[in-house]
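Quantities reported herein were computed from a predicted structural model and do not represent experimental measurements. Reminder, nothing fancy here: chain letters follow the sequence lines and each chain counts from 1.
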2 protein chains.
Amino acid sequence: MDNDVVRQAPLFSALDDEAATALRASMSEIKLRRGEVLFHEGDSGDRAYIVLDGKVKLGRTSSDGRENLLAILGPGQMFGELSLFDPGPRSATVTAVTDSSFTSLSHEDLLRWLDGRPQVARGLLAQIAGRLRKANDVNADLVFSDVPGRVAKALLDLADRFGRTADDGVHVHHDLTQEELAQLVGASRETVNKALADFASRGWLRLEPRSVVIMDVERLQRRAR
Amino acid sequence: MDNDVVRQAPLFSALDDEAATALRASMSEIKLRRGEVLFHEGDSGDRAYIVLDGKVKLGRTSSDGRENLLAILGPGQMFGELSLFDPGPRSATVTAVTDSSFTSLSHEDLLRWLDGRPQVARGLLAQIAGRLRKANDVNADLVFSDVPGRVAKALLDLADRFGRTADDGVHVHHDLTQEELAQLVGASRETVNKALADFASRGWLRLEPRSVVIMDVERLQRRAR
DNA sequence: CCTAACCAGTGGCCTGGGTCACAGACACCA
DNA sequence: TGGTGTCTGTGACCCAGGCCACTGGTTAGG
C-alpha cells in the first residue's frame, strides 16, 4: 500500500512522509464486493475507515424496515469516526455500492496518534464540522424543497464528487439504482423516477443505467434552489 | 463571573480550577432580551458562545423567507463552534428566546488554548460528533415520521432538557410559541396546533402558554417512535 | 383604558407525493 | 430458451399536511 492512498483523505493530506508511514503501520486493508455490508447499524465497533477505492452508502433502517441513506462516499472519504469519540453502537449500516477497498484504524491508534498532533485534531474537527454543516443543509432541504429539487441537488452533489466532464456533458457514474437515489433524497422510487424523466424530457440530462449525463448544469442548478 | 458557569458546558466540565480561571480570562459576557438577535446567518464571525442563562434558537431562513429551527439551546450549551474550524459565514441566525446571557470566546483563543490540551480537543470532538449524530436522527425523522410524531419527539426532547417533574406531570417551560415549535419540527403552525390539541384531548398533556405539562410520558413516547 | 399586535384554536379546500398495480427491459442462471 | 429476479417507466388513486380564512384571547404600548 502506498502512502498516497492515505493522503487522499483530506484529513491526512498535510502529513509529512514520516507521519504517513507511521500511520500506515497501524492500518490494515479490507475489500468488499457490491452489496456486501461492512457493518450494521447497532453493531459495536470502534474502527474508522477510509475508502481507498469504490463507493459505499451509509444507511439507516427505520423501525418499519424502510431505509434512508445519509451519504454516498468515495475514495479518500472517511467514515465511522463518530465511534471514535462518541463510542457506542454504530449509527448506520455501511454497504458497498461498487466493489470497494478500505483501510481501517482503531480507536486507540487514532486517539494516541492524535494526542501529539494538534493540527490533525483540528483537521478532524474541521472534517466533522463540515459534515455537520452539510447534515443541517440536508435538513433544511427536506423542509423547504420538493422532491424534484432534492433530486436535482443530489445529482449536482454526485456530479461534483464523481462526475467527469466530456463534450456532451458531465458524466456521472453514481452507481446507484433509482431506489437508492430515492432513499438518499428521502422520497419514493416512483416519484424520483418521474422527476428524472421530467428532467430528461426537458433536455437537462440523459438517463443511463446507474448513471446520468448532465447536459444543462445551469438549469439543473436553478431547479435545485 | 463564577468558574462554575463555564464548567456547566459539558465540554469544560473536566477542567481543573486553574484551567477554568485561565479560560475565563479570555472570555467576555453578553446579554440579550427576548427576540434580540446575536448574529445573522451569513454574517462573518469567529467566536463561539456558551449560554449562561436563558434560551436561544438557531435558525435558518430559506430563499423565500420561511424559517427553520435547527435547535433550541439552554444553559451550558455551546454554539458557533463550527466557525472555529470551518471558518466562513455563520450558517444560522441566533435569536434569544428568553432574556439570556452568554460568554464568548474567539477563534484564536480557543485554538491556542486547545493545542496543549488533547483531552479538551477530544471533548470538543465528542460534542460535535454528538451533534452530528443528532442531526442525522432529525433527518431520519423528517423522512419517516409524521408531524404528530415529530411534535411528540420534540416535546420529549425539550422535557429532557428543560422539564421539571412535579406530581401532576412534567412541566416543560419551553418558552416557544407554537409557530416556533412548528419551525423546529418542520411543519406548519396549524398542523402542530392540531397535533397538540389532539394529545391534550387524549389526556397525554395539558397546554399552557409557551409551556406544556406532560401527564403521560409513556404514551407520548410510544407516539413518537 | 382602548387599540393594535400577537398568539392559539379550528374548519375547509387542494395538491404533492406516497402507495398500488402493471408492463417492458435486461441480465443471469439452470 | 424459457424462467426468475432486478431495475426502470407510468398511470390511477388517495391522504397527510400545507395554505387560507376566521374567531377569540392575551399582552403591550400609547
Side-chain angles (χ1 to χ4, degrees), chain A residues 33-36 57 62 64-68 95 97-98 140-152 154-155 173-202 205-213 223, chain B residues 33-36 57 62 64-68 95 97-99 140-152 154-155 172-202 205-213 223:
Chain A
R33 346 202 82 251
R34 157 149 185 106
E36 288 180 329
K57 55 178 180 182
S62 73
D64 60 333
R66 290 182 308 157
E67 202 160 327
N68 169 27
T95 311
V97 168
T98 65
D141 288 342
L142 282 170
V143 174
F144 296 131
S145 306
D146 60 6
V147 173
R150 270 138 56 198
V151 170
L155 290 179
H173 291 274
H174 51 66
D175 296 304
L176 302 173
T177 65
Q178 293 186 355
E179 175 73 48
E180 289 167 324
L181 198 52
Q183 291 165 348
L184 185 60
V185 302
S188 73
R189 206 252 323 153
E190 293 90 327
T191 309
V192 169
N193 178 291
K194 286 162 192 169
L196 288 172
D198 179 56
F199 294 162
S201 78
R202 294 167 188 271
L205 49 78
R206 199 156 22 107
L207 288 174
E208 293 180 5
R210 289 176 203 217
S211 90
V212 295
V213 181
R223 185 60 181 82
Chain B
R33 345 201 84 252
R34 157 146 186 107
E36 289 181 328
K57 55 179 181 181
S62 73
D64 61 333
R66 288 182 309 157
E67 203 160 327
N68 169 27
T95 311
V97 167
T98 66
D99 297 353
D141 287 342
L142 282 171
V143 174
F144 295 132
S145 305
D146 59 6
V147 173
R150 273 144 46 202
V151 170
L155 289 179
V172 187
H173 291 274
H174 51 65
D175 295 305
L176 302 173
T177 65
Q178 293 185 356
E179 176 72 49
E180 289 168 324
L181 198 52
Q183 291 166 348
L184 184 61
V185 302
S188 72
R189 206 251 324 156
E190 294 90 326
T191 310
V192 168
N193 177 289
K194 285 162 192 170
L196 288 171
D198 179 56
F199 294 164
S201 79
R202 292 166 190 272
L205 50 79
R206 198 155 23 98
L207 287 175
E208 294 180 4
R210 290 175 202 217
S211 91
V212 294
V213 181
R223 185 59 181 83

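The distance between atom CZ of B/Arg206 and atom C1' of C/dA8, rounded to the nearest whole Å, is 17 Å. The interatomic distance linking A/Leu207 (CG) with D/dT8 (P) rounds to 10 Å, in whole Å. A/Glu67 places its CD atom 18 Å from the C1' atom of C/dG18, with the value rounded to the nearest Å. Between B/Phe199 atom CZ and C/dA8 atom P the separation is 17 Å, expressed in whole Å. Taking atom CD on B/Glu179 and atom C1' on C/dG9, their separation rounds to 14 Å, with Å as the unit. Following rounding to the nearest Å, B/Gln183 (CD) and C/dC7 (C1') show an atom-to-atom distance of 13 Å. In this structure, the CG atom of A/Leu181 is 9 Å from the P atom of D/dT8, given to the nearest Å. For the pair A/Glu208 CD and C/dC26 P, the computed distance is 13 Å after rounding to whole Å.
The pair A/Asp198-A/Arg202 meets the salt-bridge criterion, since a charged nitrogen lies less than 4.0 angstrom from a carboxylate oxygen. Remark: B/Asp99 engages B/Arg33 in a salt bridge, criterion side-chain N to carboxylate O under 4.0 Å.
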Scoring nucleotides 10-23 of chain D by protein non-hydrogen atoms under 4.0 Å (B base, S sugar-phosphate only, - none) yields BBB----SBSB---

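For A/Lys57, the salt bridge (charged side-chain N to carboxylate O under 4.0 Å, His left out) partners at least two apart in sequence or on another chain are A/Glu180.
Residues B/Asp146 and B/Arg223 come closest through the heavy atom pair OD2-NH2, 2.9 Å. Pairing each heavy atom of A/Val213 with each of A/Glu208, the nearest pair is CG2-OE2, 3.6 Å. What you find for A/Ala197 and A/Leu207 is that their closest heavy atoms are N-CD1, 4.4 Å. In this structure, B/Leu142 and B/Val185 approach most closely via the heavy-atom pair CD2-O, 3.9 Å. The minimum heavy-atom distance linking A/Pro148 with A/Ala195 is given by the pair CA-CB, 4.0 Å.
Which of D/dC7, C/dG9, D/dG9 sits closest to the side chain of B/Gln178 comes down to C/dG9.
The shortest side-chain heavy-atom distance between B/Arg210 and B/Thr177 falls under the 4.5 Å cut-off.
Annotation: the terminal axes of the helix from C/dC1-D/dG30 to C/dA30-D/dT1 meet at 30°, where each axis is the rotation carrying the C1' atoms of four end pairs onto the next four (5 pairs per end, rounded to 10°).
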